[in-house]
Amino acid sequence: MTTDVCVAGGGPAGATVARRLALLGHRVCLVERAPFPRAHVGESLPPSIIPILDATGMRDRVEAAGFLRPDRALIRWGARGGAVRSDANQPGFQVDRDRFDALLLDAARESGVSVLQPTAVVRVAAGPGGCTALLRDRSVVRARFFVDATGRAGVLPRARRRTAPATAALYAYWTAAPLEGSETRVEAGESAWYWGAPLPAGTFNATVFVEARRCRGLTAPARDELYRDLLARSTLLASCLRGRLLGPVRVCDASPFVDEQPVTATTLKTGEAALAIDPLSSQGVQVAMAGAMKAAAVAHTIVHLPNRVDVARRFYSEGIAEASSRHATLSFEAYASAGRGGHGTFWSERTGTGDPEHLTLRRRIAGLPRRVVLSPLARLEPAPMLEGQLIQDGIALRHPRLERAVAFLGGVPIEPLLSAAARPIDSDDLVTRWARHTVPPLGWHILRWLCERGVLESAPTIVDGSAQSGRG
Ligand SMILES: Cc1cc2nc3c(=O)[nH]c(=O)nc-3n(C[C@H](O)[C@H](O)[C@H](O)COP(=O)(O)OP(=O)(O)OC[C@H]3O[C@@H](n4cnc5c(N)ncnc54)[C@H](O)[C@@H]3O)c2cc1C
């Protein structure tokens with residue numbers, strides 16, 4: 001087969017990137033190893049996935065699919081205990097991944113993607129003119145561009161770096177367990193953390209996240225014993241043991257990592273093939289889908305405009321690196337907030353490896369400066385950016401405390417925002433000036449963001465002709 005783009009993997013990332021590219025007019029062939037429906041971990045989708053379902057045009061289908069819609073979670077984590085209501089005023093989803101992933105893949109098919117399933121990509125030969133993918137059934141797909149969306153399996157050569165200690169997930173499905181309610185359950189244990197949730201099919205997934213070394217080389221009975229022992233120590237999930245186990249106890253890798261070579265002139269990695277975040281956030285699926293939308297723009301730019309290959313590659317690599325660093329920081333903070341730093345290596349390793357500078361950056365300041373001025377360290381420079389479906393050159397802010405160039409804040413180009421603060425200006429006046437670009441509530445958020453990162457600095461306040469520094 002000859003096509004424009006060949007995508008390997010039909011999970012959330014592969015289905016999303018393939019559909020997007022087909023809608024942009026490319027001939028797309030997607031190769032999926034497993035026959036669908038197929039089971040998969042990653043069943044809890046928080047409300048923050050909704051904007052991504054909107055952006056990918058999948059919201060109506062997902063809402064109509066009859067998945068569970070819990071609007072709160074039961075949490076035992078540090079000082080936080082009890083039930084926590086969703087902070088987004090709308091519930092998330094608890095999905096069976098077999099149905100959820102099939103729904104996304106069907107949408108890709110309807111948009112014109114040719115799906116070859118079940119067969120796997122076993123090898124990819126990339127040359128200057130494109131790629132040749134050899135499939136398990138010995139057929140060959142030739143394409144101008146190849147996308148690796150095979151999740152943790154990965155089919156392209158890896159350049160992965162672990163961003164947190166190696167973690168394994170021990171999990172099993174239960175039925176008839178005396179657990180009431182549709183809430184997700186999350187708990188910090190002595191040497192592990194726990195996640196559990198009822199699923200639309202009437203089963204309950206109980207997962208224990210432990211240090212990977214504890215699971216290495218275990219026989220099936222030993223794995224079963226370890227799982228049951230850990231489950232018995234949980235407050236929120238122990239009653240699973242009074243239910244009936246469906247199938248074996250399984251183990252899978254849950255370590256976060258980033259691939260440091262996510263894109264070349266003819267290939268790209270997306271979803272968990274490029275970036276795996278800590279499952280603690282329950283945001284893997286949304287990160288995979290949002291990343292796949294960017295991946296589609298990058299592939300589209302490279303295929304259409306060969307003179308923009310470098311700018312597109314920089315955009316993509318920097319985006320993956322920045323997302324990895326942001327999620328690593330968030331996970332570090334979440335583990336630290338459990339307050340179990342002294343409780344054995346599971347917790348000390350996960351709370352002792354974070355970058356303290358990130359933490360300081362993220363700490364909220366009590367009040368904003370009354371008067372601000374642009375930091376002399378802030379520079380506006382040419383940088384690659386996503387505009388519409390293409391990557392272009394634009395103007396972006398660079399600052400020593402920013403991990404990557406920033407071209408837009410809250411959808412507003414950064415240049416006019418910053419030029420208004422080239423001289424000291426009252427914060428109120430600045431936000432008023434920004435009103436021609438954005439609404440004031442967002443303006444205050446932008447101001448806070450810039451101040452927290454030192455892009456805007458506190459400037460002396462003028463009171464009766466004398467200068468004073470002050471916070472509003
Ligand atoms: C224990 C655990 C719990 C998690 N919990 C959550 C959660 O609650 N919420 C959440 O949002 N995320 C969660 N995640 C993360 C989530 O599962 C992933 O982020 C998400 O599935 C990534 O999507 P993907 O499309 O990149 O990869 P996948 O979903 O893994 O899809 C990859 C696809 O590629 C196919 N494939 C593999 N190799 C080949 C090949 N050679 N050729 C062709 N096809 C191939 C596979 O069959 C598969 O269908 C969890 C992860 C773990 C490990």
Side-chain angles (χ1 to χ4, degrees), residues 6-18 29-49 52-53 70 73 92-98 100-102 104-105 108 115-124 133-137 141 146-156 166-172 184-186 192-197 199 205-210 212 215 250-257 259 262 269-292 295 323 327:
C6 174
V7 177
T16 303
V17 71
C29 163
L30 184 149
V31 183
E32 167 54 50
R33 179 173 66 183
F36 275 17
R38 58 101 177 85
H40 202 296
V41 287
E43 292 126 333
S44 188
L45 310 182
S48 46
I49 198 168
I52 291 149
L53 295 177
F93 301 89
Q94 214 88 271
V95 303
D96 298 307
R97 280 288 298 274
D98 53 358
F100 179 80
D101 288 17
L104 300 187
L105 192 56
V115 179
L116 304 182
Q117 182 184 28
T119 184
V121 172
V122 289
R123 203 169 52 242
V124 182
L134 176 66
L135 310 195
R136 190 172 53 197
D137 62 13
V141 180
F146 178 83
V147 177
D148 181 354
T150 58
R152 284 174 184 266
V155 70
L156 287 174
T167 305
L170 282 164
Y171 67 100
T184 308
R185 295 161 182 244
V186 180
W193 71 270
Y194 299 87
W195 175 93
L199 297 175
N205 176 343
T207 303
V208 193
F209 292 87
V210 293
C215 298
R250 292 164 221 251
V251 65
C252 71
D253 181 30
S255 315
F257 62 79
D259 192 291
K269 299 164 190 164
T270 189
E272 276 201 336
L275 165 69
I277 63 171
D278 197 305
L280 186 53
S281 70
S282 288
Q283 291 186 354
V285 170
Q286 76 184 55
V287 167
M289 291 177 73
H327 282 284

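Indexing begins at 1, ligand by ligand and atom by atom, following the structure's order.
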Does any N or O of ligand 1 fall below 3.5 Å from an N or O anywhere on V41, backbone included? yes
Under 4.0 angstrom from ligand 1, any heavy atom of Y171? no
Got an N/O contact under 3.5 Å between G284 and ligand 1? yes
Quick one: look up the protein heavy atom nearest atom 27 (O) of ligand 1 and list residue, atom name and how far away it is. G151 CA, 3.5 Å
Considering only non-hydrogen protein atoms, determine which one is nearest to atom 35 (C) of ligand 1 and report residue, atom name and distance to 0.1 Å. E32 OE1, 3.3 Å
Return yes when atom CZ of R123 has more than 12 non-hydrogen atoms of other residues, nucleotides or ligands closer than 6.0 Å, and no otherwise. no
Nearest heavy atoms of A292 and T270, plus distance in Å: CA-OG1, 3.5 Å
Around atom 34 (O) of ligand 1, find the nearest protein heavy atom and jot down its residue, atom name and distance. G9 CA, 3.3 Å
With R33 via side chain to side chain donor-acceptor pair (under 3.5 Å) - residues at least two apart: none
Option set D253, D278, T150, criterion heavy-atom distance to atom 53 (C) of ligand 1, minimum: D253
Would you say H40 has any N or O atom under 3.5 Å from an N or O of ligand 1, going by distance alone? yes
Side-chain heavy atoms of L105 within contact of Q117, under 4.5 Å: yes
All side chain to side chain donor-acceptor pair (under 3.5 Å) counterparts of E32, not counting sequence neighbours: none
With respect to F209, determine whether any N or O atom, backbone or side chain, lies less than 3.5 Å from an N or O atom of ligand 1. no
Judging by distance only, is a nitrogen or oxygen of R33 under 3.5 angstrom from one on ligand 1? yes
Just to confirm my output: which protein heavy-atom neighbour is closest to atom 41 (N) of ligand 1, and how far is it? V121 O, 2.9 Å
In V31, V7, L30, the residue satisfying side-chain contact (heavy atoms from CB on, under 4.5 Å) with V115 is L30
Under 4.0 Å from a heavy atom of L45: give me the atoms of ligand 1 that qualify, with their elements. 11 (O)
Test side-chain contact (heavy atoms from CB on, under 4.5 Å) on V210 and T167 and set out the steps. CA-CA 6 Å; V210 293; T167 305; over 6 Å; no
Which ligand 1 atoms does E43 reach within 4.0 Å, using its non-hydrogen atoms? 7 (C), 8 (O)
Check: R250 side chain, Y171 main-chain N or O, donor-acceptor pair, under 3.5 Å: no
Tell me which protein heavy atom sits closest to atom 16 (C) of ligand 1, plus the residue, atom name and distance to 0.1 Å. R97 NH1, 4.0 Å
Short version for A149: what comes under 4.0 Å of ligand 1, heavy atoms counted, is backbone
Tell me which one of V31, D101, V285 gets a heavy atom nearest to atom 11 (O) of ligand 1. V285
Without swapping roles, check the side chain of D148 against the backbone of L156 for a donor-acceptor pair under 3.5 Å. yes
For D278 and F209, run side-chain contact (heavy atoms from CB on, under 4.5 Å): C-alpha distance rounded to whole Å, both residues' side-chain angles, the deciding distance at 0.1 Å, then the answer. CA-CA 10 Å; D278 197 305; F209 292 87; 6.0 Å; no
Looking at S255, is its backbone amide N or carbonyl O close enough to the side chain of D253 to form a donor-acceptor pair, meaning the two atoms are under 3.5 Å apart? yes
Atom 26 (O) of ligand 1: which protein heavy atom is closest, and how many Å away? E272 N, 2.8 Å
Could you identify the single nearest non-hydrogen protein atom to atom 9 (N) of ligand 1 and state the distance to 0.1 Å? S44 O, 2.7 Å
So is R38 polar-close to ligand 1, meaning N/O to N/O under 3.5 Å? yes
Could you check V41 against T207 for side-chain contact (heavy atoms from CB on, under 4.5 Å), going step by step and ending with a plain yes or no? CA-CA 10 Å; V41 287; T207 303; 5.8 Å; no
Which residue and non-hydrogen atom of the protein lie closest to atom 25 (O) of ligand 1, and at what distance in Å? A13 N, 2.9 Å
Heavy-atom pair of closest approach, residues R38 and A34: CG-CB, 3.9 Å
Taking only heavy atoms of A169, which atoms of ligand 1 are found under 4.0 Å from at least one of them? 1 (C)
Are any non-hydrogen side-chain atoms of F100 and H40 less than 4.5 angstrom apart? no
Hey, looking at atom 23 (O) of ligand 1, which of G11, G42, C252, P12 has the closest heavy atom? P12
Which atoms from ligand 1 have a heavy atom of G271 less than 4.0 Å away? 26 (O)
